[in-house]
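Protein chains get the first letters and strands the later ones, always in sequence-line order, with residue 1 at the start of each.
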Amino acid sequence: MAETKQKAKTINPFGLAIEKLYDFFDNKTPRYIFMIAMTAFLIYLPLSSSRFTQEIMTNVFFYIVVCLGLNIIVGFAGLLHLGYAAFFAVGAYTTGILSSVYGVSFWLTLPVSIVAAVIAGLAIGAPTLRLRGDYLAIVTLGFGEIIRLTVRNLSITGGAMGLIGIQRPVLFGMVLNQIVHFYYMFFILAIIAIFISYRLHDSRLGRAWQYIREDEDAASAMGINVVSTRLYAFIIGSAFGALAGSVYAAKMTAISPESFMFIHSVMILLAVVLGGMGKIPGVILGAVIVTLFPELSRDIGQYRLIIFAVVLLLLMLYRPQGIWPERQGISSKL
Amino acid sequence: MRKHWILMLVAVLFVFGVFGCAQDAAPVDGEGDVLIGIMVPVTGSEAADGIDMENAAKLAVEEINAAGGVLGRMIVTTTGDDECDPSKATAAASKLISEEVVAVVGGYCSGATLPTLSLYGDAGIPFVIAAANATSLIDENPGWAYMINSTGDAQAAKAVEWFKNLGVESIALVDDGSAFSVDLKDQTKSQWGAEGYAVLAEDRVETGTQDFSAVVTRIMAANPDGVYWTAYQGLGALLIKQLRENGYEGVIMVGDGSSAQELIDLAGADAEGVYCTAPPVVDFLPAAQSFIEGYNNSFPREPGAYAGLMYDATYLLVDAIERAGSFDGEAVKAALAATSGFEGITGPVSFTPQNTLNRSNFVILVAKDGRWALAE
Amino acid sequence: MTAWEVFLQQLFNGLLVGSFYGLVAIGYSMVYGIIKLLNFAHADIYMSGAFCGLVLLGFLTPYIGNAWLGIVVSLLISMVAVGLLGVLIQRVAYRPMLKAPRLSILITALAVSMILYNTVMIITQGQYKPFTTGLVHESFYIGALRMTETRLVLLIAALALMLMLHLFITRTMYGKAMRAISLDRDTCQLMGINVYQIVAITFFVGSALAAAAGIMAGVYYGTVHFFMGFLIGLKAFTAAVIGGIGIIPGAMLGGLLLGLLEAFGTQIPFIGSQWRDVFSFVFLILFLIFKPNGLLGRIESERM
C-alpha cells in the first residue's frame, strides 16, 4: 500500500521526462551498448585523470567486491552478518604474513588466502548457522571482534602496529606499485565478482538460498539441506572478502588492525542495504555511494555518519528494499 | 527494468561530473602561489588534535605571507583529511599529490601516516612530520619524511630516566592496544629491563572500558613502585582515579598521549602529583608566548599539545625552501637534511641520518593544583 | 593484599559491576521477550542516561548541590526522560516494523544506535566528560573489605531497583500482560489487551533502568564518554543470554554471574588483559551455541 502511495506522489513534469527516457532503455540493445560504453570508459579513465581520481575509483571497485561478497551472505542467503571485516582481514593478513615474513610471491598467496577464507567461513558458520537470525548477528559481531583482537595481540600478525613491508606483486617482470596498476586489478576483481554474483543468482544454489529465505521449513521439506546451503553462502562470501583483502594488503604494503573494526563491517552492510539487498546493480550502486559520498562532502565531516544512519533508518521504514527498483516478474536477466 | 538504467546513467554522470575531467595539475613554475599540503585527521576520533594542528600551520603560513611569503611568493594551503585511518590517509595523500603540492606538513596518527611515506617518496614530495612518532616510521621511511617530534624510544628513555630519578625500582605498564601506545610500552619495557629493573605487570585496556578493577587489582597485588600509562587521557584518567581510590600510593606517570589538560580535569583531585612525559607543550616554552597570543587571536581555542610542533614544522619547511633556493623536491629534501640548529619555538632542530630529531624533546610535567607544571 | 582480601574485594567488585550489567540486561530481555527484537540501541540508551544525568546534575548543582540529593533527583528525572526517549524510539522506529522481516528491524535498531551515539559524539566533540559529584571518597573497612560509602549506596540502589522491577513484573497487571504478550502476542490482542500500550511501557521501564545504570556508572567511574555503551551493551547482552533471553530474573542473575565471572576470571594468570574481551566473546558464542536458552530458559518450540 505504501508503495503505490509513494508512486502517486512522484508524478510531476520531471518524472514524465524520465518516463520518456525509460522507454529508450526498454530494448536490449541500448542496454548492452550502455554497459559496453561504461566498461570502456572505466578502462580508459586512468589514462586521463588525476591520481586522486584513480585512488578513489580503486576504492570504489574494492568496495564493490566486498559488498558483493557480503551481499551473497545477507542478500542472497538472508543472514545478517555483522563481522564481515573479519573475512577481509583474513585475506589481508594471510597475504601480509606470507609476503612480508616469508617472502612468498603475491600471486601464490592468493590461493592460500582463499583457503584461509574457506576455513574461516567454515569455522564461523558450522557451529552457528543453526542459530536464529538475531543470535547469528551477535555471533558474527563477536567473531569479527575476536579476529581483530587476535591479530592485534599476536606478534606474527605484527601486533598493534600491524604488518609492514608487504611486497608488491610482480607481473611479467614488472613491479606493480602504481595506483593505476591497482585500479585495474580491483577493476578486474570487481568484474569477476559481478559475473560470479549473477551466475550464482541464477544457479541452483542461488535458488536454494531464495527458497530458504522465503520459507525455511518448506525448503527443508523439499530436501534442501539448510545448514550446508547457508554454509556455502558463508564460504563464498568469505572468499570474496579475502581476495579483496589480499589485493588491499599488496596495495597498502602495510596493514593494521585499525582497518578491520566493527564500524567497517557496518559500512559494508550499510552499502548493501542501501542499494537493495540481493539486487546486484543495487549493491553496486550502494558501494559507489558509500565510497564517493565522503569525498564529495568534506564540509559535512563529522555529520557524515549521522546522515548515513538517518538515511538508513528512513530507508528501512519507507523503502526497505533499497534504492534500486524491484525487478518486474521473476526475470533473472541483466 | 528501465528505471535501473536511468539510475545507472545518473550514477555514471554523477561520477563524471565529479571526477571525469580532473587532471593532475601542472607543476609549479613561474609566478603564482605556492601550494603546501597539510595532512591531519580533521574528522574522526582524533579530530580535536588534527584541527588544532591545522590551525597552527595556517597561523604560521599567515605570518610568513605577511612577511613577504617564501622566495617572494605567497603560500596557499590545502588539507588532506586522513581521519586517523590508513586507507583514508592514502587517499588524502593521493589527493595532495595530485594537487601538486610542493611539500606536506602534518602526520598525527602513526598508523595512518605509515603507508603515506612511500607515496610521498615515490612522488618526490618532502614531508615534515610534526607529531607522529612511532618507531616503525623510521624503518619505513624511504628518505623523504623528516620527523621533528622525538620518537617513541626517546620518550621511553625520558620515562626511564625520570623513574630512576624518583627512586623507582619496579614498574607496571598499561596500554590501550593502539599502535603508538603499544610501541611506547615495548620501548619502555626493553629499556627498563636493560637497566636491570623489573616490570612487574603489563596490562591492556580497550577503548570504551570504564571498569579497570581487573587491572587495578593486579597492579595492587604486584605492588610496583611506579605505573606508566602509555595511551590517551580519557582512559588514563579512569586508571588514575581507580588506582588512587583503591589505595595505590606509588608513582603514576603518563605518556604524551595524555598530556592534555583534560587528563587533570577528568581525574580531579586524584591527578595531583601525576607525572607526564610530554612533547614540548607551548605553555612552558619561553619562545612560544607570541605564538600563543597569535593562536588565541586567530582561533577560538587554546593551542593544543602539538600545535607548537606543527607551527615549527611549517616554519622549518619554509626555511628549507629558502635555503634550497627553489621548490624542487630534491633540493628541498637536501636542505631539510642539512638543517642544523633551526630555532623553532619547540627548540633547535637538527636531523639524524635516519631523519629523526637528534635530541629528545620530551619534558617532564607534573600535575599541580589542577594544571600541568614543569617538573624539572 | 592477602588472598582472602583479594577474594572479598573481587566478590564485591563483581557484584557491583554485575548489578550494572543486570540493570541493562533487563532491558534487553524485556524487549526481546515482548517483540523478539535485539535492541542494539539499548546500550546507547544507557549512555544517553549517563549524559542526561550529567547535564541535569550540572544544572541542579547550584540549587541542591551535587551530593546524594542532587544525584538522586537527577537520577529520577533522567529515568523518566530517557524512559520517554525509549518510548519515542519504539514508536518511530520499531512499531512500524513489527510485521517486517527480522533482518529489517535489526538493521533499524543498528541505525538508531548509530544516530544516538553519533549525536552525543558531535555534542561532546568526542571528548570524555567528567561526572563531578560532591561525594567523598573516604574508605572504611567492613571486615577485610575496603569500601566507600559511594559503592555501598550504589550496590544497594541497584539491587533495590532490580527488586522493584521484579515486583512490578510479578505483582502488577502490566507485568502480567508483558509476560502474556511474550508468550503469544496475537491471542493477547484477541483477549483485549492493548498490546501497543504494553510494548510502550516495556520500553519505558527498560530504558529507565538502563538510564539509572548509566548514571550510577557515571558516579562510580567519574567519567562518561559517547562510546561507553558499546562494551557494556555486549556484556549486558551476554548476561541476558546467560540467564535466558526473555526471562527477567534470568537477566538479573546473568548480570551478577557475568560480573563475578569477569572479576574472578581476570585472576587467571594466563589470560592477560589483552585477551579478556576475546575470552568474553568466545564464552558468549559457546553459550549461544550450546545453551541458547540460557540457564533459566525453557526450550522454545516453534509453532507452525
Side-chain angles (χ1 to χ4, degrees), chain A residues 2 74-75 78-80 82-83 124 126-128 130-150 152-154 159-160 213 216-217 262-263 266 269-270 272-274 277 301-318 320-321, chain C residues 32 36-40 89 92-97 100-123 125-126 230-231 233-234 237-238 241 245 272-290 292 300 302 304:
Chain A
V74 172
L79 307 164
L80 185 57
L82 294 178
I124 297 177
T128 61
R130 293 171 287 122
L131 295 175
R132 274 199 295 268
D134 356 18
Y135 283 4
L136 183 65
I138 295 287
V139 165
T140 52
L141 200 168
F143 267 111
E145 287 294 284
I146 288 176
I147 291 197
R148 179 180 72 88
L149 290 170
T150 308
R152 197 195 58 183
N153 290 339
L154 296 177
R213 233 172 46 226
E216 194 176 321
D217 303 300
F262 176 58
I263 185 67
V266 167
L269 179 67
L270 224 148
V272 171
V273 169
L274 189 70
M277 292 182 277
Q302 324 171 294
Y303 300 96
R304 182 170 38 103
L305 274 179
I306 286 203
I307 294 180
F308 266 140
V310 169
V311 165
L312 188 63
L313 182 66
L314 291 174
L315 210 61
M316 283 293 112
L317 288 173
Y318 297 115
Q321 65 271 49
Chain C
Y32 190 85
K36 301 285 182 288
L37 163 70
L38 272 183
N39 186 5
F40 277 111
I89 290 175
V92 168
Y94 300 146
R95 199 166 104 175
M97 305 287 291
R102 294 268 272 274
L103 207 59
S104 306
I105 195 170
L106 275 168
I107 293 177
T108 310
L110 200 59
V112 172
S113 163
M114 284 174 75
I115 293 176
L116 280 175
Y117 80 73
N118 273 298
T119 307
V120 176
M121 180 185 92
I122 290 178
I123 296 176
Q125 288 295 299
F230 183 69
L231 263 181
L234 283 170
F237 173 72
T238 308
V241 164
I245 192 110
S273 45
Q274 341 151 293
W275 294 104
R276 189 167 73 156
D277 285 349
V278 175
F279 180 65
S280 315
F281 280 121
V282 169
F283 188 72
L284 171 66
I285 291 173
L286 288 174
F287 224 91
L288 280 175
I289 295 173
F290 292 112
E300 224 184 73
E302 269 179 55
M304 292 294 158

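Only the side chain of A:Val266 has a heavy atom closer than 4.5 Å to any heavy atom of chain C. Contacts of A:Leu270 with chain C are made by side-chain atoms alone, with heavy-atom separations under 4.5 Å and no backbone atom involved. Of the two parts of C:Leu284, only the side chain, counted from C-beta on, holds a non-hydrogen atom closer than 4.5 Å to a non-hydrogen atom of chain A. With a threshold of 4.5 angstrom between heavy atoms, C:Phe290 does not approach chain A through any atom at all. Neither the backbone nor the side chain of C:Ser113 has a heavy atom closer than 4.5 Å to any heavy atom of chain A. Residue contact with chain A, scored on non-hydrogen atoms closer than 4.5 Å, involves the side chain of C:Leu110 exclusively.
Residues A:Leu80 and A:Val74 come closest through the heavy atom pair CA-CG2, 4.4 Å.
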**Test ring-ring contact (aromatic ring centres under 6.0 Å, His included) applied to C:Phe230 and A:Phe262, step by step** = CA-CA 11 Å; C:Phe230 183 69; A:Phe262 176 58; 5.6 Å; yes

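Atom-to-atom distance recorded for C:Leu286:CG and C:Phe281:CZ is 13.5 Å, nearest 0.5 angstrom.
The aromatic rings of A:Tyr135 and C:Phe237 lie perpendicular to each other, with more than 60° between the two planes, well past the 30° mark.
Legend: residues meeting side-chain contact (heavy atoms from CB on, under 4.5 Å) with A:Leu313, ordered by chain and number and at least two apart, are A:Leu317, C:Ala93, C:Thr108, C:Ala111, C:Val112, C:Ile115.
Note: A:Thr150 leads A:Thr128, A:Leu79, A:Thr150, A:Val311 in heavy-atom pairs under 4.5 Å with chain C.
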With a 3.5 Å cut-off and sequence neighbours excluded, list the donor-acceptor pairs that the side chains of residues 139-149 of chain A form with protein atoms.
residue, atom, partner, partner atom, Å
A:Thr140, OG1, A:Leu82, N, 2.9
A:Thr140, OG1, A:Leu136, O, 3.1
A:Thr140, OG1, A:Ala137, O, 2.7
A:Glu145, OE1, A:Arg148, NH2, 3.0
A:Glu145, OE2, A:Arg148, NE, 3.4

